Engineer: 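What follows is a single structure, and I will ask about it in a moment.
Scope of the values below: all heavy atoms of this structure, side chains included, with no hydrogens, waters or symmetry mates. Numbers restart at 1 for each chain; the letters A, B, ... are given by sequence-line order, proteins then strands. Everything numeric in this text was worked out from a predicted model, so none of it was measured.
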2 protein chains.
Amino acid sequence: MKKQLIMEKAIELFAKQGFEATSVQQITEHCGISKGAFYLSFKSKDELIIEIIDHFMIQFTSEIDYLVRSEREEENLLYKFYYAIFNSFQKHSDFGKILIKEQSRSFNQDFIVKMRYYDRLMDKTILSMVEHLYGDDKVKEIKYDLVFCIKGFMSMYSQLFLFYNVPLDLDLLSTSLVEKTNLLARNSTVPFISKGLIEVFEEPGLEKLTKDQILLLINQAIEEMDESVEKESLVLLKEQLHEQTFGRAIIKGLLENIRIHPQTKWISYLLGSFFNL
Amino acid sequence: MKKQLIMEKAIELFAKQGFEATSVQQITEHCGISKGAFYLSFKSKDELIIEIIDHFMIQFTSEIDYLVRSEREEENLLYKFYYAIFNSFQKHSDFGKILIKEQSRSFNQDFIVKMRYYDRLMDKTILSMVEHLYGDDKVKEIKYDLVFCIKGFMSMYSQLFLFYNVPLDLDLLSTSLVEKTNLLARNSTVPFISKGLIEVFEEPGLEKLTKDQILLLINQAIEEMDESVEKESLVLLKEQLHEQTFGRAIIKGLLENIRIHPQTKWISYLLGSFFNL
DNA sequence: TATAATACTGACTAACCGGTCATCTGTCAA
DNA sequence: TTGACAGATGACCGGTTAGTCAGTATTATA
C-alpha cells in the first residue's frame with residue numbers, strides 16, 4: 001500500500017521540519033514517487049495530516065482507556081498508566097514530536113477540532129482514573145486540578161526524550177510520578193479548577209457519538225473484513241446495538257475479541273463507552 | 001518609532017494566525033504602511049520575530065529573576081513567583097500565545113537557539129529559588145524534578161487563560177500552586193532527574209556571557225542614552241568591569257538604578273549574574 | 001526658496017506552493 | 001501481437017510569498 005509508505009515518510013519529515021514547512025514535493029521525493037502518485041492516495045495535504053493524527057491517536061487513546069477501564073488493582077493502575085504513556089511516546093517519538101510541535105496551530109480548522117477531541121477524550125480517561133483511584137468523594141474538590149497536574153507531568157517529562165535522545169528508565173520515571181501524583185491527590189486542599197470552570201472550556205464537542213455513527217463504522221468494518229472471530233463478534237455487537245439482548249459479560253467478551261485487531265480497536269473503544277462498560 | 005508599531009501589530013497577527021501564516025503584506029496593511037517601510041525597520045521577517053522574542057523574554061526573565069534574587073521572605077517568595085508569572089502571561093497574552101504556538105518549531109535555527117537560551121535561564125532561576133526555599137541540602141535529590149514540576153504547572157495552567165478567555169483568580173491560582181509545590185518539595189522521595197541527566201541536555205549554551213560581550217552591550221546603551229543617573233551608573237559599572245574598585249553594596253545600588261529603565265534592565269540582569277549578586 | 005537628506009511607496013521579481021491533467025508505461029487477457 | 005486499462009508521471013497552472021529598488025513625498029538645512 002502506497003498510503004502506508006507516504007504516511008511513514010511524511011511523519012519523519014513533519015517531525016523534523018513541521019507540517020507547513022514540508023512540501024508535498026519533498027514528501028514524494030523522500031518516498032521515491034511522483035507528485036501525482038501522492039494525490040492518488042490522498043485528496044490533499046490536509047487529508048494526510050488528519051489521517052496521520054487519527055491513525056496514532058486512535059491507537060493511543062484506545063490503549064490508555066482500555067488500561068484504565070480494565071485494571072482493577074488500584075495500586076498498580078497509576079504506574080501502568082504512566083508507563084504506557086511514556087512507552088508509547090518513546091516508541092512513536094516522531095509522531096510525538098508532531099503532536100507537540102503542531103499542538104495549537106491554527107493552520108487548519110479540522111486539525112484543531114480533531115486535536116481538541118482527542119484531548120477531551122484523554123481528559124475524560126484521566127478523570128475517571130482519578131475518581132477510581134482515590135474515591136469519587138475524597139478527591140471531589142481537587143480532581144480537576146489533579147487531571148491538570150497529571151497532564152503537566154506528562155507533557156514536561158515527554159519533552160525529555162522527544163527532544164533529547166536520551167534513553168530513559170521508564171520504570172523509575174513512572175514510579176517517581178506515581179509518588180508525586182499520590183502526594184498531590186491525598187494532601188491537596190486548595191482547588192483551583194472548579195466544576196464550573198471546567199464547563200466553560202469543555203464547550204460542546206464531546207457528546208458521545210450517536211448510535212447511528214457507530215453503526216456506520218461497524219458496517220464499514222464488516223465489509224472490509226475477512227471471515228473471522230472478529231467479524232462474527234462485530235455482527236453480534238451490531239445486533240446488540242439494535243436491541244439489547246446480551247448481558248454485560250457477553251458484551252465485554254465480544255469487545256475484548258475485537259480489541260486486539262487494529263482495525264476494530266476504535267470501535268471497541270466507542271462501544272465500551274456507549275455501553276458504559 | 002516605526003519599529004514599535006510594527007512589532008505591536010505583528011504580535012497581534014502572529015497570536016491569531018501564527019508566524020508562518022502571517023505575511024509581511026498583512027502586517028504592513030495592519031500598520032497602514034507600505035511593504036518597503038517594513039524593510040527599513042527590519043532586515044527580514046525572521047529578524048522581526050527574533051526581536052519580538054527578545055523584547056518580551058528579556059523583560060520577563062529579568063523580572064522573575066529579580067524577584068527571586070531580592071525576595072528574602074521565604075514564605076511569600078513562591079506565591080509571588082507564581083503570581084508574577086501568571087500576571088505577566090495575562091498581561092501579554094498575545095505574546096504568550098505566540099510562545100506556545102511556535103514553541104518548538106524548526107522554521108528558523110536562530111529562533112530555536114533563542115528559545116533554548118531563555119528556557120535555560122528560567123530553569124536556572126527556578127532552581128535557585130528551589131534551593132533557597134527548601135534548603136540546598138534537603139531537596140538536593142529531588143530539586144531537578146521540582147523544577148520540572150513547577151514548569152509543568154506553569155505551562156498547563158497558562159493554557160487556561162491563553163486559549164479560553166476566562167478571567168482568572170490569580171490569587172487563588174497562586175495559592176493553590178504554592179500548596180502543590182510545597183507538598184512535592186517536602187514529601188517526594190523518588191527523584192527521576194539526576195544531576196547527570198540534567199547535564200546531558202543542558203548542553204553547552206548557557207555559559208555566562210563573557211565580559212567583552214557585556215561590555216559591548218553597555219557601550220551600545222551608553223551611546224543611545226541621554227545624560228541621566230542611569231547613564232552615570234552605567235559608566236561606573238563599566239569601569240567596575242575593567243577593574244574591581246567598588247564594594248558589593250555600591251554595585252548593587254548601581255544595578256538597582258539601571259534596573260528600572262527598560263533599555264538597561266537586561267544589562268542589570270547580566271551584570272548581577274556576572275558579579276554573583 | 002532652493003537644495004540636500006531622509007522617509008516612504010508599491011510595482012516588480014524570482015521562487016515556491018498545492019493541486020491538476022494530458023501523457024506515458026507496464027501488465028495481462030484475448 | 002494487439003488492445004485495453006489501472007497506475008504512475010512530471011510539466012504546468014494559478015496563486016502567494018519574501019524581498020528589492022527606482023522613484024516619489026516629506027522634512028531639515030542653508
Engineer: Rounded to whole Å, please give me the gap between CZ in B/F42 and C1' in D/dA18.
Structural biologist: 15 Å

Engineer: In this structure, how many angstroms lie between the C1' atom of D/dA8 and the OH atom of A/Y39, rounded?
Structural biologist: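 A/Y39 atom OH is separated from D/dA8 atom C1' by 15 Å.
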
Engineer: By nearest nucleotide on DNA chain C, pick out whichever of A/K43 and A/Q26 is the more 5' one.
Structural biologist: A/Q26

Engineer: Please report the distance, rounded to the nearest Å, between CG in A/L48 and P in C/dG19.
Structural biologist: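 Atom-to-atom, A/L48 to C/dG19, this comes out as 10 Å.
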
Engineer: To the nearest Å, how far apart are B/E29 CD and C/dG10 C1'?
Structural biologist: 12 Å

Engineer: Between atom CG in A/L5 and atom C1' in D/dA8, what is the gap in whole Å?
Structural biologist: 14 Å

Engineer: Between atom CD1 in A/I49 and atom P in C/dG18, what is the gap in whole Å?
Structural biologist: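 A/I49 atom CD1 is separated from C/dG18 atom P by 13 Å.
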
Engineer: With respect to the side chain of B/V24, which nucleotide from D/dA18, C/dG19, C/dC17 is positioned closest?
Structural biologist: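 Among D/dA18, C/dG19, C/dC17, the one nearest the side chain of B/V24 is D/dA18.
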
Engineer: Return no unless some side-chain N or O of B/K35 is found under 4.0 Å from OP1 or OP2 of C/dG10.
Structural biologist: no

Engineer: Starting at atom CD of A/Q25, determine the distance to atom P of C/dC16, rounded to an integer number of angstrom.
Structural biologist: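 Result: 10 Å.
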
Engineer: Just to be sure I understand the rule, does A/L40 reach a base, reach only the sugar-phosphate, or reach nothing, if contact means heavy atoms closer than 4.0 Å?
Structural biologist: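 Since a base atom lies under 4.0 Å of A/L40, the category is base.
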
Engineer: Below 30° counts as parallel, above 60° as perpendicular, anything between as tilted: where do the rings of A/F95 and A/F56 land?
Structural biologist: parallel

Engineer: Would you indicate what A/T28 reaches in the nucleic acid, counting non-hydrogen atoms under 4.0 angstrom: base, sugar-phosphate, or nothing?
Structural biologist: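 No contact at all - A/T28 keeps every heavy atom at 4.0 Å or more from the nucleic acid.
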
Engineer: Check the distance between C/dC17's P and A/F19's CZ and give it to me in whole angstrom.
Structural biologist: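 Rounded to whole Å, this separation is 13 Å.
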
Engineer: Quick check on side-chain contact (heavy atoms from CB on, under 4.5 Å): which of B/M7, B/E8, B/K9 does B/C31 satisfy it with?
Structural biologist: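 Looking at B/M7, B/E8, B/K9, the match for B/C31 under the side-chain contact (heavy atoms from CB on, under 4.5 Å) is B/K9.
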
Engineer: Are OP1 or OP2 of D/dA8 and a side-chain N or O of A/K2 less than 4.0 angstrom apart?
Structural biologist: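 A/K2 to D/dA8 OP1/OP2: side-chain N or O found under 4.0 Å.
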
Engineer: How are the rings of B/Y157 and A/F148 set relative to one another: parallel (under 30°), tilted (30 to 60°) or perpendicular (over 60°)?
Structural biologist: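 Ring orientation, 0 to 90° scale: tilted.
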
Engineer: State whether B/D123 and B/R120 are salt-bridged, where the test is any N-O pair (Lys NZ or Arg NE/NH1/NH2 against Asp/Glu carboxylate O) under 4.0 Å.
Structural biologist: yes

Engineer: With B/S233, which of B/V229, B/L236, B/V235 fulfils side-chain contact (heavy atoms from CB on, under 4.5 Å)?
Structural biologist: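 With B/S233 as partner, side-chain contact (heavy atoms from CB on, under 4.5 Å) holds for just one option, B/V229.
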
Engineer: Any side-chain N or O of A/S34 below 4.0 angstrom from OP1/OP2 of D/dA8?
Structural biologist: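 For A/S34, the contact criterion (side-chain N or O under 4.0 Å from OP1 or OP2 of D/dA8) is not met.
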
